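In what follows, a structure is listed as structure tokens, so that the remarks can point back to it.
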Amino acid sequence: MNLSRLDLNLVVALRALLEERNVTRAGQRVGLSQPAMSAALARLRRHFGDDLLARVGGHYELTALGQVLLDRTATAYDVLERLFASQADFDPARESREFKLIASDYAVAVFGTELARVVHEEAPGIRLRFTQTPPTVVEDTATLLSATDGLFMPHGVISDFPATDLYDDRWVFLVADDHPTVEDRLTRRDLARLPWVTYQRTYDAPAVRQLGMLGIEPKVEVSVDTFQSLPLLVAGTRRIALVQARLARLLEPVAAVRVVEPPYEAVPLREALWWHPVYTHDAAHIWLRETAARIGRRLGRSAEE
């Protein structure tokens, strides 16, 4: 594919056509007349060798290829928008823009709140938008990172992308304050016999792999997609949950739970900010990463005190 021969304006038209599924509405959305949008659709059909939009009764539906292109076009549009919004200089006190950051609720609670506070004080025109990491983070990391400003995730899940380390954490267990059989400590036998509440995404993959290596197969009774739900589902039950120590300290007052150390040397957790290489030299992203690293160093010092 020779990109120099492509009209990138067609990306804008393609996205509007696939999302609106109507030539007139697509034209109104991007500021083109109906004849001009019809001409763009004709060019796109010739390029892809496919109708993209097929008339069914009194309306249009996407063809199979059109359905495939729907998500890809949105991603490509975001990448192009970010590419041409790149800056050589960035003044956080004067700029007005939004950073899209992907993070678990753990990362938002432990790190994102402090990042938001610092941005509020130092860069009043900057907005932060946190979104949950999708299940495809491991399978399609490049696409995910290309359409966002950063991904908060521990080491051990993804690799081969630039990252800046933020802070260290460790794994602990939560049990109910009034647990009938667990007192000051857990045993490996307890881990095998007691019911679990687990986080169902991939962030804790190294910790889960470690359990398997120790021959421990958790008896999962409840699984959730937020770490902050864990203490509420542990309180008043025989269940146990594996959670990050920094988050556990924040959540202990929320529910009648207590922290118990693992009966083994748990794999450490190092949280990092990951990004796509295309943003490495962008001034706005450099400021974001340097600010995140500064906050991470501060969190590290507070944990040592």
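Start at 1 with the first residue, then count along the sequence. Computed over heavy atoms, backbone and side chain alike; hydrogens, waters and symmetry mates excluded. Nothing here was measured: the structure is a model prediction, and the numbers come from that model.
Under the rule for a side chain to side chain contact (heavy atoms under 4.5 Å, CB included), the partners of Asp178 that lie at least two apart in sequence or sit in another chain are Ala176. Every residue two or more places apart in sequence or in another chain that forms a side-chain hydrogen bond (donor to acceptor under 3.5 Å, both in side chains) with Glu221 is listed here: Arg239. Residues satisfying the side-chain hydrogen bond (donor to acceptor under 3.5 Å, both in side chains) criterion with Arg294, sequence neighbours excluded, are Glu122. Checked against ring-ring contact (aromatic ring centres under 6.0 Å, His included), Trp275 has no partners two or more places apart in sequence or in another chain. Partners of Ala192 according to the side chain to side chain contact (heavy atoms under 4.5 Å, CB included) rule, which considers only residues two or more places apart in sequence or in another chain, do not exist here. In this structure Thr131 satisfies the side-chain hydrogen bond (donor to acceptor under 3.5 Å, both in side chains) test with no other residue, sequence neighbours excluded. Under the rule for a salt bridge (Lys or Arg N to Asp or Glu O under 4.0 Å), Arg72 has no partner lying at least two apart in sequence or in another chain. Under the salt bridge (Lys or Arg N to Asp or Glu O under 4.0 Å) criterion, Asp190 pairs with Arg193, sequence neighbours left out. Listed by chain and number, the residues in a salt bridge (Lys or Arg N to Asp or Glu O under 4.0 Å) with Arg258 amount to none (sequence neighbours excluded). Remark: Ala13 engages Met37, Ala40 in a side chain to side chain contact (heavy atoms under 4.5 Å, CB included) (not counting sequence neighbours).
Under the side-chain hydrogen bond (donor to acceptor under 3.5 Å, both in side chains) criterion, the residue pairs touching residues 261-271 are Asp168-Arg270, Arg170-Glu261, with sequence neighbours excluded. A side-chain hydrogen bond (donor to acceptor under 3.5 Å, both in side chains) check over residues 226-235, counting only residues at least two apart or in different chains, returns the pairs Thr226-Ser229.
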